[in-house]
Amino acid sequence: MEDFENKVTRFLQDGVPFLFIIDFDATTKQVFTFDEAARENIFFNIKGNGNDKELPSASFNNSDFDLRPTLVSKEIYKQAFSAVKHELNTGNSFLLNLTFPTALDTTVKLNEIYKKAYAPYKLLYKDKFVIFSPECYLKIKDGNIFSYPMKGTINSNVPNAEELLLSNKKELYEHNTIVDLIRNDLSMIAKKVRVNKFRYVDKIKKGDQELLQTSTEIQGELPENWKNEFASLLLKTLPAGSISGAPKKKTLEIISKAEIAPRGFYTGIFGVFDGQQIDSAVSIRFIEKINDTLFYKSGGGITHLSEMEEEYQELLEKIYVPII
């Protein structure tokens, strides 16, 4: 069987559009033409580019869309949080993204969530998981590579929400750390890496509410023959810094001990080559079916400034589907 890197290179050289999916540990790497993905019951839509037109529409009303989450116990979360804070306080990590699965008591199905969710990056993987991500990972256009790390969130209903978000010291520290990490990651594969736009505010739908989130645009220049080595260049940057932490290698060791379950495809990446350019997403806003129960996987960045109660609440804040 043709391996991931060879297949990606062949498709790029031949100008064949394709979908790629990589899990958090980069142990499972898959690539499909759009038709191959559909035959495998894998459907996607990245900013209007996808293979999901044949999927039937969802059959329920928005008012019936109820997830009813049951968060992991505060005691279990506290144990992991305390272990992470200890590592942060001893200097083994500066920032760590701590995640947990949350069971959903719902009758809504994965394909219905996919059809109803509004997001720039959507993926329905068989009857196993669905992603509706707002976060771009890497974009390649005209030989330039771009990344848009997202860090820092607040509900727009909060009085003076934007001002509070931008002035929050913990959120600023977290954002600065991730921007530095992504710049370093891109510098491994690109030249003239620079920040074009720092910590601007995005608006993200959360049902009938709206979240404000800060992002930064980072750009670099790829070698002329980037298509010949795109797969290996991509793998060098993984896992995504925004959902792991810094320094990356040591932080990943801490994550593997602190979290209660392997991440699998959650916080991996997926993306498309449309024949001209590449656009990809971080696999967040993620619901997975495990033994016929749906689990929403979410988390947040932990720094030395983090408070346990606030981070536990953030798990809940991120459990939503942005309904069309």
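What you are looking at is a predicted structure, and each value in this text was computed from that prediction instead of being measured.
- Annotation: Lys141, atom NZ; neighbour count of heavy atoms from other residues, nucleotides and ligands within 6.0 Å does not exceed 12.
- Both tests pass for Arg263 against the ring of Phe24: distance under 6.0 Å to the centre and angle within 45° of the axis.
- Residues Leu88 and Ile254 have side chains not in contact (no heavy-atom distance under 4.5 Å, counting atoms from C-beta outward).
- Checked against a 6.0 Å centroid threshold, the rings of His304 and Phe94 do not count as neighbours.
- Within 6.0 Å of CD in Glu162 there are 12 or fewer heavy atoms belonging to other residues, nucleotides or ligands.
- Ion pairing between a basic and an acidic side chain is recognised when a charged N comes within 4.0 Å of a carboxylate O; Glu314 and Lys318 show such pairing.
- Checking Asn92 against Thr90 by side-chain atom types alone, a donor-acceptor pair falls below 3.5 Å.
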Check against salt bridge (Lys or Arg N to Asp or Glu O under 4.0 Å), Glu311 and Lys170: CA-CA 12 Å; Glu311 299 298 341; Lys170 183 262 181 182; 3.0 Å; yes

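- Inspection of the Thr251 and Ser244 side chains reveals no N or O donor paired with an N or O acceptor under 3.5 Å.
- Judged by distance alone, the side chains of Thr303 and Glu174 never bring a donor and an acceptor atom under 3.5 Å apart.
- No donor-acceptor pair under 3.5 Å is formed between the side chain of Thr99 and the backbone N or O of Ser298.
- Ring-plane geometry between Phe286 and Phe129 is classed as parallel, the angle between the planes falling under 30 degrees on a 0 to 90 degree scale with a further cut at 60.
- Remark: Glu217 CD to Lys139 NZ distance equals 8.0 Å, nearest 0.5 Å.
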Between Leu222 and Lys191, is a side chain to side chain contact (heavy atoms under 4.5 Å, CB included) present by the stated rule, with each step listed? CA-CA 7 Å; Leu222 289 173; Lys191 296 179 180 179; over 6 Å; no

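- For CD of Gln276, the number of neighbouring non-hydrogen atoms (other residues, nucleotides, ligands) closer than 6.0 Å is 12 at most.
- Taking OG from Ser82 and OH from Tyr77, the interatomic distance works out to 10.0 Å, rounded to the nearest 0.5 Å.
- Judged purely by atom type and a 3.5 angstrom limit, Tyr296 uses its side chain to pair as donor or acceptor with the backbone of Tyr320.
- Checking Asn196 against Gln219 by side-chain atom types alone, a donor-acceptor pair falls below 3.5 Å.
- Ring pair Phe20/Phe18 is tilted by interplanar angle, where 30° to 60° counts as tilted.
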Does the pair Lys297 and Glu288 meet the rule for a salt bridge (Lys or Arg N to Asp or Glu O under 4.0 Å), with working shown? CA-CA 8 Å; Lys297 295 186 173 183; Glu288 183 172 6; 2.7 Å; yes

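- Inspection of the Arg285 and Tyr121 side chains reveals no N or O donor paired with an N or O acceptor under 3.5 Å.
- Ionic pairing of Lys78 and Glu75 is not present here: no N-O contact between side-chain nitrogen and carboxylate oxygen is shorter than 4.0 angstrom.
- A cation-pi geometry, defined here as NZ or CZ lying under 6.0 Å from the six-membered ring centre and within 45° of its normal, holds between Lys197 and Tyr200.
- Centroid-to-centroid, the aromatic rings of Phe44 and Phe34 come within less than 6.0 Å.
- Screening Ile131, Leu110, Asn41 for a side-chain contact (heavy atoms from CB on, under 4.5 Å) with Leu124, the sole residue that qualifies is Leu110.
- In this structure a side-chain-to-backbone donor-acceptor pair under 3.5 Å is present from Asp274 to Gln277.
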Under the salt bridge (Lys or Arg N to Asp or Glu O under 4.0 Å) rule, what do Lys116 and Glu112 come out as? Steps first, then yes or no, please. CA-CA 6 Å; Lys116 281 288 188 179; Glu112 294 175 326; over 6 Å; no

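- Between the side chains of Glu135 and Ser242, at least one donor-acceptor pair of N or O atoms lies under 3.5 Å.
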